[in-house]
Amino acid sequence: MISPEVVTHTASRLAEHARDHALPSVTVILHGGEPLLAGTARLRFVCEEFTRALAGIAELDLRVHTNGLQLSTRYLDLFAAYGVRVGVSLDGDRAANDRHRRFADGRTSHPLVLAAVELLRSEPYRHLYQGLLCTVDVANDPVAVLDALVELEPPRVDFLLPHATWETPPPRPDGAPDAYARWLLRVFDHWERRERPVPVRLFESLLSTLRGGPSLTESLGLAPTDLVVVETDGTLEQVDSLKSAFEGAAATGFNVFDHTFDQVAAHPGVRARQLGLAGVSDACRRCPVVRSCGGGLYTHRYKADGDTGGGFDNPSVYCADLRELVDGVEARTAPRESAPQLADPAELARAQEDLTRILLARLHEDLAGHPDWARAWELLAEVERAGDAGADAVDAVVDHPFTRTWVLAALDAVRERPVGSGHGDGAPGDGGAPAREAARRLAALTAAAVLRGGLELPAEVTYRDGEVYLPTLGLLRRGEPGADGPAVLRATEDGYAVRDHRAEHRFGPGAGDPRWLPVRTWSPGPDAAPVALEDLDPYRNCFARPPRLRLGAGEAGEWRARLDQAWALLHDTVPEFARAAGAGLTTLTPLAGGPRAGGWGEAGRHGPGALGVPYAAGVRETALALLTGRRRTRLRALTEVTDLYALDGEWQHPSPWRERPVPVSRLLADVHERVAVEAYRRAAALPEPGGADRIHRALDRLSGAAELTSTGKRLVEQLRWELKEAGA
């Protein structure tokens, strides 16, 4: 048993480590052997020492893992007093459990374990129930095993592969290299049929990594390990599964009396399991499922010698099982697990709207203490509460693409000079110029919502340099250049009114006021919603090239005519792509200069729906700009709300269009755009020689890219289908 001295020194070392690294929490697992054999007095001392040492330093997560045979109310009362959560090892039904867990005289232990779990499930101990751990044995019935575990209503089930190495391979009764995968996939299928009645950590980890998320278990994925084992004599070792590799494999040479946890963390063996992708074998790095399997458990990679090298620089002895398991889970779940935003433009639009509101809410958290911001925010909330007209008006101004541009810029600026910082321009504690500018824009945005909703609410705005821009509506001038100060806007029966310290005057539709410059629109078709030709918003300067200043009336007419012709050209040549390009397009901004090579449109730092198009482009170039620009904005919108890939940049891929290898994000963006260009060129009888072959090579490369998530892979399949439909 662990001695009191080891317990006290371990608790002290852990508290020291948590304090030095400002850790919010630490986890201590009482393990074995069978830890309950230590008795309640020794276990109480352990709980007391760790609780005392960590008090005021870090939250303590105490756990115990047991076979359950000794579990009784005296233990559970102790665990309840210290919040110790309990995990129980159980291999399934009685037949499965008796295969390896009989008493020495041959008696079954299964009824005793079930009784212990029933006690743990009962009040007042239910909150301590952490879950069940099941070691896989392919000789057992996988369906019966899962049913037996589910019947005990565990908060979580975990399946572990039996420890094995290339020197001591796992038993395979039928000699098949994928026996464990087939067993686990039968469990998975039954779990799915039963509608996932309990969380299963192994499966949830695979589903997480396939979506682009983190691994949830040490045995899979590329997440770094953060475990250290304290032996009963105070020896500090690596994860204890390493003992199944060879004698001394887990040793570090350290102990709790003479060494810190920092020294353990610097040990080469520990660091090897914190390197992520760099810590797996070369064969694993080239494998498309490495993000999910992570090369398998470190212990299972051990090989004494051979063609693949000695030590742990090898694939897992379960390599074939892991590959089939990952592929099998993905094949079964890809349609359901893929992000709905990929297939449904309405879902993508809703997700983008939510994103803008989340960012706006974060800006509000930073500026809620600023009085001008607080007034405008409260009025905006009042507008939204004013029935459907108010809610629709708020949606229109918040979803304006350049609202996102403003919010992102304001977040950057305000967090450099936070409200209450007492530095920057302005009085101490007011947040300086960034806070005032953010409040000014919010007030203008709120005023635009009031006017759009036709609401009888006074909305105060502030002129700067004699002007104020009302998002989605237009630019209001005061009359004399340089005149600054407040004014109040309101809706009227036939338009809008503004009152300042002098008088009130009307403006807006039908008012004929030369001081009012409305946002112009263009209609892409008789049944299409009008698109704003945005050449007024000060936040439209978010593209790679500068925007044009306000177009003259003649220039605006000429641009509309070119847009009409370009749009008609797209519908004549690539109607499906044209319809997709038109979906969600709300704002076009004329950009300075002519088109780049190829005539691409430009996607900037803005919300969905906006596109920058070179004003001086001809009809064909404008058509290509509309097509490719919308492809860019669609892909960017997807990457903002879904995970198409993970670990971008960890691998570099050859590109048919670039001299040097590129990350997967760049290759995917190139392919996504060039599929549309190839379709357009073929329809216009202007195909690029070898263009389709290059796209096919890039798609093949993407299909084997480990970075792609299930959603990313479905996007690649969509691109293949689009290319096929284009006749390439």
For the pair H65 and H31, name the ring-plane relationship: parallel under 30°, tilted 30 to 60°, perpendicular over 60°. parallel

Smallest separation among heavy atoms of P315 and A283, with atom names: CG-CB, 4.1 Å

SB check R332 E192 (cutoff 4.0 Å): no

Result of checking L210, L202, T209, L184 against V329 for side-chain contact (heavy atoms from CB on, under 4.5 Å): L210

In terms of relative ring orientation, are Y302 and F312 parallel, tilted or perpendicular, with 30° and 60° separating the classes? tilted

Output every pair passing salt bridge (Lys or Arg N to Asp or Glu O under 4.0 Å) with a member in residues 136-147, not counting sequence neighbours, ordered by first then second residue. D147-R194

Taking everything shown except E247 itself, do over 12 heavy atoms lie less than 6.0 Å from its CD? no

Got a salt bridge between E153 and R121, using NZ or NE/NH1/NH2 to carboxylate O under 4.0 Å? yes

Would you say the side chain of L185 lies within less than 4.5 Å of the side chain of W183, judging by non-hydrogen atoms? no

Taking atom types as modelled and ignoring hydrogens, do the side chains of S109 and N97 form a donor-acceptor contact shorter than 3.5 angstrom? yes

Is the shortest distance from a Lys or Arg side-chain nitrogen in D670 or R658 to a carboxylate oxygen in the other one below 4.0 Å? yes

In terms of heavy-atom contacts, A320 and P177 come closest through CB-O, 3.5 Å

Find out whether the Lys NZ or Arg CZ of R107 is both under 6.0 angstrom from the six-membered ring centre of F103 and within 45° of the ring's axis. yes

Please check: side-chain N/O of E167 versus main-chain N/O of K303, any donor-acceptor pairing under 3.5 Å? no

Give a yes-or-no answer on whether the side chains of D262 and H21 include a donor-acceptor pair shorter than 3.5 Å. yes

Could you tell me if S25 and D61 have a donor-acceptor pair between their side chains, going purely by distance under 3.5 Å? no

Using side-chain contact (heavy atoms from CB on, under 4.5 Å), reason through V290 and V280 one step at a time and then give a plain yes or no. CA-CA 9 Å; V290 66; V280 302; 4.3 Å; yes

Lys/Arg-Asp/Glu bridge criterion (N-O < 4.0 Å) met for E204, R156: yes

Report yes if the side chains of T27 and R63 come closer than 4.5 Å at any heavy-atom pair, otherwise no. yes

Side-chain (S219) to main-chain (L297) donor-acceptor, under 3.5 angstrom: no

Could you measure the distance from the SG atom of C134 to the CG atom of L149? Nearest 0.5 Å is fine. 5.0 Å

Is the closest side-chain donor-acceptor distance between S281 and N314 under 3.5 Å? no

Should Q238 and V270 be marked as a side-chain contact (heavy atoms from CB on, under 4.5 Å) after you check the CA-CA gap, both sets of side-chain angles, and the distance that decides it? CA-CA 7 Å; Q238 303 175 62; V270 175; 3.9 Å; yes

Counting only heavy atoms not in R193 (residues, nucleotides, ligands), do more than 12 fall under 6.0 Å from its CZ? yes

Centroid-to-centroid, W191 to F203, below 6.0 Å? yes

Rounded to the nearest 0.5 Å, what separation is found between the CG atom of L342 and the CG atom of L348? 9.0 Å

To the closest 0.5 Å, what do you measure between OG (S710) and CZ (R211)? 8.5 Å

Closer than 4.0 angstrom, basic N to acidic O: yes or no for D700 and R720? yes

Taking the side chain as everything from C-beta on, heavy atoms only, tell me whether V229 gets closer than 4.5 Å to L236. no

Test item: D643 side-chain N/O and Y645 main-chain N/O as donor-acceptor pair under 3.5 Å: no

Identified side-chain contact (heavy atoms from CB on, under 4.5 Å) counterpart of T66 within the set V113, V86, L120: V86

I'd like to know if D321 pairs up with R172 as an ion pair, taking the criterion as any Lys NZ or Arg NE/NH1/NH2 lying under 4.0 Å from an Asp or Glu carboxylate oxygen. yes

Going by an N to O cut-off under 4.0 Å, is there a salt bridge joining E123 and R126? no

Using 0.5 Å steps for rounding, measure from the CZ atom of R660 to the OG atom of S655. 13.5 Å

Less than 3.5 Å apart, any donor N or O on the side chain of T299 or H163 sitting next to an acceptor on the other? no

Between E231 and K243, is the closest basic N to carboxylate O distance under 4.0 Å? yes

Contact check, side chains of L132 and D158, non-hydrogen atoms, under 4.5 Å: no

Contact summary for A339 and T711, nearest pair of heavy atoms: N-OG1, 2.8 Å

Nearest-0.5 Å distance, CZ of residue F79 to CG of residue L43: 5.5 Å

On a heavy-atom basis, the closest approach of V198 and P154 is CG1-O, 3.7 Å

Stepwise, does the side-chain contact (heavy atoms from CB on, under 4.5 Å) test hold for R666 with H653? CA-CA 9 Å; R666 179 71 268 165; H653 303 276; over 6 Å; no

Taking all non-hydrogen atoms of both residues into account, name the closest pair between R85 and Q130 and its distance. O-OE1, 4.0 Å

I'd like to know if R291 and E650 make a salt bridge, using a cut-off of under 4.0 Å between side-chain N and carboxylate O. no

Is there side-chain contact between F159 and L133, with heavy atoms separated by less than 4.5 Å? no

Side-chain H-bond candidate by donor/acceptor type, S208 with S205, under 3.5 Å: no

To the nearest 0.5 angstrom, please state how far the OH atom of Y82 sits from the CG atom of L62. 10.0 Å

Just so I know, are the side chains of F188 and V200 near enough to count as touching, which here means a heavy-atom distance under 4.5 Å? no

Under a 4.5 Å cut-off applied to non-hydrogen side-chain atoms, are H190 and V143 in contact? yes

What's the verdict on side-chain contact (heavy atoms from CB on, under 4.5 Å) for L719 and H672, showing C-alpha distance, side-chain angles and the deciding distance? CA-CA 7 Å; L719 296 175; H672 189 267; 3.8 Å; yes

Run the salt-bridge test on D693 and R697 with the 4.0 Å N-O cut-off and return the result as yes or no. no

Atom CD of E151: over 12 foreign heavy atoms under 6.0 Å: no

Side-chain donor-acceptor contact under 3.5 Å, E34 with Q70: no

Salt-bridge contact R101-D91 (side-chain N to carboxylate O under 4.0 Å): yes

Surrounding CZ of R99 (heavy atoms of other residues, nucleotides or ligands, distance under 6.0 Å), is the total greater than 12? yes

Could you check whether any side-chain heavy atom of L715 comes within less than 4.5 Å of a side-chain heavy atom of L635, counting everything from C-beta outward? yes

Heavy atoms of V317 and P170 approach each other most closely as CG2-CD, 3.8 Å

Take S665 and D648, measure what side chain to side chain donor-acceptor pair (under 3.5 Å) needs, and give me the verdict at the end. CA-CA 7 Å; S665 57; D648 187 35; 2.7 Å; yes

Between E673 and R632, does any side-chain N to carboxylate O distance fall below 4.0 Å? yes

May I ask you to check whether over 12 heavy atoms, not counting those of W721, lie within 6.0 Å of atom CH2? no

